[in-house]
Each structure stands twice: as C-alpha cells, then as structure tokens.
Amino acid sequence: MRMQGKRVIVTGGASGIGLASVERCLEEGASVVIADLESSDGSARAAALDARHTGRCLFKACDVTDTAQVDRLFAETESELGGVDAVFSNAGIGGIAPSDEVSDEEFLRIIDINLNGVFRVARAALRVMYRQGSGSIVNCASILGVFGQSQTAAYTAAKGGVVNMTRALAIEAAPKGVRVNAIGPGYIDTPLLAELDDELLQGLIGLHPLGRLGRSEEVANAFLFLASNEASFVTGAHLMVDGGFTAGKS
Ligand SMILES: NC(=O)c1ccc[n+]([C@@H]2O[C@H](COP(=O)([O-])OP(=O)(O)OC[C@H]3O[C@@H](n4cnc5c(N)ncnc54)[C@H](O)[C@@H]3O)[C@@H](O)[C@H]2O)c1
C-alpha cells in the first residue's frame, strides 16, 4: 500500500476534493485527520470512515483563518498519531462577483481562507516536519492560479499567491527534508460549483480539451502521488489536473 503507516492531515477534508483525498489515503493504508469547520459533516464522515479502514480517521474542528486552531490541529495530531507525514492544504471557498461591487470584507475573507490559511497550515506543518526531518506539504491552487477569469479578482489573487508561495516554501524547506508542492485543478464536480449557473458551467466545460468536468478522485490521485515517496524528487511543482485547460486553445 502506497501510504502504509503515513499520518496525513487534509484541511477542508469533509467535502469534495478533500473528502476524496481522505478516502484515497485511507485505502492506501494511511491514518488521516479530517480538519474542517465545526459546522461541516467532518465528524460523521470520520466516524464512518474510521469504522471501515485499518488506519485511523479522526475529525478535528479547525477554521484555517484562526492561527490558534491551526496550531492546535498540528499539536493534537502529533501527540495522537506520533507525527505528521503529509498535509493537503485544501480548504477553500469560491467567490464570483463583479469587482466594482466587491466589499473589503468579502475580498479579505477570500484571501484569508484561500491564501493566508494555506500559509498558517504550512507554517504549523513545517515546525513538526523540521523536527522529524521529513514531510510533504501539498497546497491546493487552481487553473485560476495561472489564468485570469472575469469576476474572480480575490480568488485568482489568492490562488496565484498559493502557486508562488509554494515555490518559495519549497526552496526554503528542501534542506530540511520537507517537500512542498501545489496542485492546480481545472473545474471539478464538487459542491463548490453550486454557485455557477448552468450556462456558465457548460461554457467552462468547453474550455477543457478533455470535454468534461474533473472528478474529485482525479485530484485526490495527484495528492496521493505528491504526498507519497513516489514523488521523492518533486518539490516546488504546480501539478495541473485540469483536463488540458492550461495547455492552450485548440
Ligand atoms: N471544484 C473546483 O472546480 C475547484 C477548482 C480548482 C480549485 N479548487 C480548490 O479545491 C479546494 C477544495 O474545493 P472543493 O471543490 O472540494 O470544494 P468544497 O466546497 O466541496 O470543499 C471545501 C471544504 O473546505 C471547507 N472550508 C471552507 N472554509 C474553511 C475554513 N475557513 N477552514 C476550514 N475548512 C474550510 C468547507 O467546509 C469544505 O468542506 C479549494 O481550495 C478550491 O479552491 C476547486
């Protein structure tokens, strides 16, 4: 099994891409912490998955906008599982609105979850992983980390920040045995897409050369690769899982 004995934290692990990643890691022998909002389905999901797998599946309530909660997540995981081998910094929200109508509060909220939250998680992970001398951090970016799209100023700014912050962290952490990578999903069929109307969604599907939305498991498989020892010489990468979206126009 590719993740036998590994200890993994997935933020935003109660839904969509995060939940699929939790399930794939459990199938491959890991113990996994679902870190998500108190109001999420994480507690019930973890209980059901824990009963079905040999590795542990725990839920820890954690809002990535709160430094104390993020630091507690890592301290508790280290004490209960004995360490942290891999982290998927996946918690995130969407945000589509005309830029001339976006309030400071809404802009800053998207940045605080999608960019600052990724930094808070990485910082806490590095502290544990430096002590271990090993670890893999994977940040969830997006095609919108490298492409622009109308009415997504805060989201694209945050995801672009995640892509380049990943490179900076990778260089800094490499001498201490820690790898840091990002994944760039195209449009993936998850609850996050609920805010898109059908006409917009059909147009977006047409921008993927493979001609469909991605599935959460397809992103989870990329996380599994980057988290595992199979990616032992991969750091600072932004691995696109986008059905060819960023390859160019036909
Ligand atoms: N679905 C897509 O098309 C797509 C495309 C590119 C990138 N992404 C990225 O993938 C990641 C996962 O998105 P998804 O599509 O699975 O969405 P989702 O809405 O299904 O899941 C997101 C999860 O993050 C959690 N979350 C939200 N705010 C949080 C906070 N402050 N603290 C902790 N957890 C929080 C939610 O409770 C939820 O469980 C996000 O970073 C998103 O930006 C998604």
Side-chain angles (χ1 to χ4, degrees), residues 9-24 33-46 59-74 87-96 106 108-122 124 138-149 152 154-163 165-166 182-196 200-201 203-205 207-208 210 212-220 222-223 238-243 245-246:
I9 294 174
V10 180
T11 71
S15 173
I17 292 167
L19 180 60
S21 302
V22 169
E23 291 175 329
R24 285 295 290 118
V33 173
I34 295 177
D36 209 308
L37 299 174
E38 184 85 64
S39 58
S40 73
D41 292 339
S43 180
R45 300 270 192 206
F59 172 69
K60 296 201 177 290
C62 176
D63 183 332
V64 298
T65 65
D66 185 323
T67 297
Q69 291 186 32
V70 171
D71 291 348
R72 191 166 65 234
L73 164 70
F74 279 83
V87 174
F88 194 10
S89 209
N90 160 82
I93 59 168
I96 297 193
E106 185 55 12
L108 293 173
R109 194 173 83 89
I110 292 169
I111 297 286
D112 202 23
I113 297 172
N114 290 5
L115 176 60
N116 302 353
V118 171
F119 178 71
R120 290 184 189 98
V121 170
V138 180
N139 298 325
C140 195
S142 170
I143 49 174
L144 299 186
V146 289
F147 263 53
Q149 185 178 298
T152 62
Y155 188 87
T156 52
K159 294 299 187 179
V162 168
V163 172
M165 182 170 71
T166 297
I183 295 176
Y187 281 88
I188 309 296
D189 191 7
T190 75
L192 195 78
L193 299 193
E195 68 179 306
L196 305 180
L200 176 59
L201 194 57
L204 291 170
I205 289 170
L207 297 174
H208 298 71
L210 289 182
R212 62 172 174 85
L213 295 176
R215 295 186 293 271
S216 292
E217 314 84 76
E218 293 174 311
V219 183
F223 167 65
H238 181 210
L239 175 58
M240 307 312 298
V241 184
D242 67 354
F245 188 107
T246 51

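Remember, it's 1-based here, ligands and their atoms both numbered in the order they're listed. What's counted below: heavy atoms across the whole structure, side chains too, no hydrogens, waters or symmetry copies.
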Asn139 and its side chain to side chain contact (heavy atoms under 4.5 Å, CB included) partner, picked from Val118, Asn90, Thr11
Val118
For Asp112 and Arg120, what are the C-alpha separation, side-chain angles and deciding distance, and is it a salt bridge (Lys or Arg N to Asp or Glu O under 4.0 Å)?
CA-CA 10 Å; Asp112 202 23; Arg120 290 184 189 98; 2.8 Å; yes
With a 3.5 Å distance limit and no angle check, can you tell me whether Gln69 reaches the backbone of Asp66 through a side-chain donor-acceptor pair?
no
Between Asp36 and Ala14, is there a donor-acceptor pair closer than 3.5 Å when you use the side chain of the first and the backbone of the second?
yes
Enumerate the pairs of nitrogen or oxygen atoms, one from ligand 1 and one from the protein, separated by less than 3.5 angstrom; state names and distance to 0.1 Å.
| unit_1 | atom_1 | unit_2 | atom_2 | d |
| --- | --- | --- | --- | --- |
| ligand 1 | 1 (N) | Ile188 | O | 3.2 |
| ligand 1 | 1 (N) | Thr190 | OG1 | 3.2 |
| ligand 1 | 3 (O) | Ile188 | N | 2.8 |
| ligand 1 | 3 (O) | Ile188 | O | 3.4 |
| ligand 1 | 15 (O) | Thr190 | OG1 | 2.5 |
| ligand 1 | 16 (O) | Ile17 | N | 2.9 |
| ligand 1 | 20 (O) | Ser15 | OG | 2.6 |
| ligand 1 | 31 (N) | Asp63 | OD1 | 2.9 |
| ligand 1 | 32 (N) | Val64 | N | 3.0 |
| ligand 1 | 37 (O) | Asp36 | OD1 | 2.7 |
| ligand 1 | 39 (O) | Asp36 | OD2 | 2.6 |
| ligand 1 | 41 (O) | Asn90 | O | 2.9 |
| ligand 1 | 41 (O) | Lys159 | NZ | 3.0 |
| ligand 1 | 43 (O) | Tyr155 | OH | 2.6 |
| ligand 1 | 43 (O) | Lys159 | NZ | 3.0 |

Mind checking side-chain contact (heavy atoms from CB on, under 4.5 Å) for Ala122 and listing every partner two or more places apart, or none if nothing turns up?
Leu169
Side chain proximity check, Val162 to Phe119, heavy atoms < 4.5 angstrom:
no
